[in-house]
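Worksheet for the structure shown next.
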Protein chains: 2
Amino acid sequence: MSFPEREQYISILRDKGHRVTPERLALFREVYAQHGHLDAEALLESIQKQGLKVSRATLYRNLDLMADLGFVRKYRLGTSRFHYEHVHDGQRHDHLVCTECGRVAEFVSPGIVAMQRAICSAHEFDPEEHTLQIHSVCNDCRKLRDARRRAPS
Amino acid sequence: MSFPEREQYISILRDKGHRVTPERLALFREVYAQHGHLDAEALLESIQKQGLKVSRATLYRNLDLMADLGFVRKYRLGTSRFHYEHVHDGQRHDHLVCTECGRVAEFVSPGIVAMQRAICSAHEFDPEEHTLQIHSVCNDCRKLRDARRRAPS
DNA sequence: CTCAGTGCAAACGATTTGCAAGCTA
DNA sequence: TAGCTTGCAAATCGTTTGCACTGAG
């Protein structure tokens, strides 16, 4: 569980004049241990479950710091909370979000990336820096909804 | 300013056992008068500017009702507020959102719609019912940011 | 020894809710 | 008249902030 990014994080912190604190390292470790899409609450819970103590304020402050430094991406996936995921070099993906239950699937689609570029250019948005989300309904929720419609409340 | 959808809204309200109140009609009118992407605050303000009185609670309750009945779509475009826009039959569009200033552009792309379908199907999401957002940085914000980088604070 | 970083609790912004009063059907 | 709707104010949810204290450099 020792990521190469950890050393990089530490040296970037130092470079930028930030301090290397136990809270920062605990959060870093947790963000990189999970494979994706966590919200602040979930992160806090799993950090505390390990007996470490990081306050909510510090958590939020450092998630923003990590986002600034390029170690995490911060998304609003349609729900009320932000989601955070660590950046693992290179391979970019986009998100498919269920509008009913919030479930998130990741996908990679070179074709859609090309179209994003074209659309951004056409509208004078930066064609290089972009993320995309598709909002739909997952099969489970669709079944539930269909059942509900057949026998309305 | 009298929309065909207005009569439809009234009769659907009646059908479903909801009452037709002045607040509902005022809100409906306002939502359809604007051409798109309004948040609750902006709607409230323009309703009140016309001398009509609708409370914030009623506004929210009825925006949700209109969404349930299929007259408006409710989006979370990355900012802290929901955005609402009326459904004008047929022509669907997607949104391009500036992650810096929140500016929203609409676009229509048959190609991207086809890809959305394919991606939804592949992940067992409903391929028919979906919306898509692209998040990028608009030219104005990009210029600002570049300027800032050249002369850092 | 100094000041960036922390924890706490209070502040915040957007939205939701409980309840008494009002108005549609 | 009955009970859905409303307005108000209070509650909620997630996130941010002020401030005194702490600990990294």
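Please read all numbers here as calculations on a predicted model, not as lab measurements. The sequence lines fix the lettering, A, B, ..., with proteins before strands; numbering per chain opens at 1.
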Using the rule given for side chain to side chain contact (heavy atoms under 4.5 Å, CB included), can you reason through Glu5(A) versus Tyr32(A), listing the C-alpha separation, both sets of side-chain angles and the distance that settles it, and then say yes or no?
CA-CA 9 Å; Glu5(A) 290 91 344; Tyr32(A) 273 80; 3.8 Å; yes

Do Tyr9(B) and Leu69(B) pass the side chain to side chain contact (heavy atoms under 4.5 Å, CB included) test, and can you show the C-alpha distance, the side-chain angles, and the key distance before you say yes or no?
CA-CA 8 Å; Tyr9(B) 184 50; Leu69(B) 299 182; 4.0 Å; yes

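Between Gly17(A) and Lys53(A), the residue anchored closer to the 5' end of DNA chain C is Gly17(A), taking for each the nucleotide with the nearest heavy atom.
Of the N and O atoms on the side chains of His130(B) and Gln116(B), at least one donor lies less than 3.5 Å from an acceptor on the other residue. Side-chain contact check for Glu30(B) and Ser46(B): at least one donor-acceptor pair (N or O, by modelled atom type) lies under 3.5 Å. A donor and an acceptor atom, one from each side chain of His37(B) and Glu85(B), are located under 3.5 Å apart.
Note: CD (Glu23(B)) to P (dC8(D)) measures 11 Å, nearest angstrom. Rounded to whole angstrom, the span from the CG atom of Leu27(A) across to the C1' atom of dG7(C) amounts to 15 Å. Atom CG of Leu25(A) is separated from atom P of dT6(C) by 10 Å (rounded to the nearest Å). We find that CG of Leu44(A) is positioned 16 Å from P of dC13(D), with the value rounded to whole Å. Atoms CG (Leu59(A)) and C1' (dG5(C)) sit 14 Å apart, rounded to a whole Å. What separates CG of Asn62(A) from C1' of dG7(C) is a distance of 13 Å, to the nearest Å. If you take CG of Leu52(B) and C1' of dT6(D), they are 15 Å apart, rounded to a whole angstrom. Here the P atom of nucleotide dC3(C) and the CG atom of Leu13(A) are 20 Å apart, to the nearest Å.
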Protein-proximity profile, nucleotides 20-25 of chain C, B/S/- by nucleotide at the 4.0 Å heavy-atom cutoff, equals ----BS

Just by protein heavy atoms under 4.0 Å, how would nucleotides 15-22 of chain D read 5' to 3' in B, S and -?
BBBB----

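When all heavy atoms are compared, the tightest approach of Leu96(A) to Ser136(A) is CD1-CB, 4.5 Å.
By the 4.5 Å heavy-atom criterion applied to side chains, Leu27(A) and Leu63(A) are counted as neighbours.
Ring centers of His83(A) and Tyr75(A): at least 6.0 Å apart, outside the cut-off.
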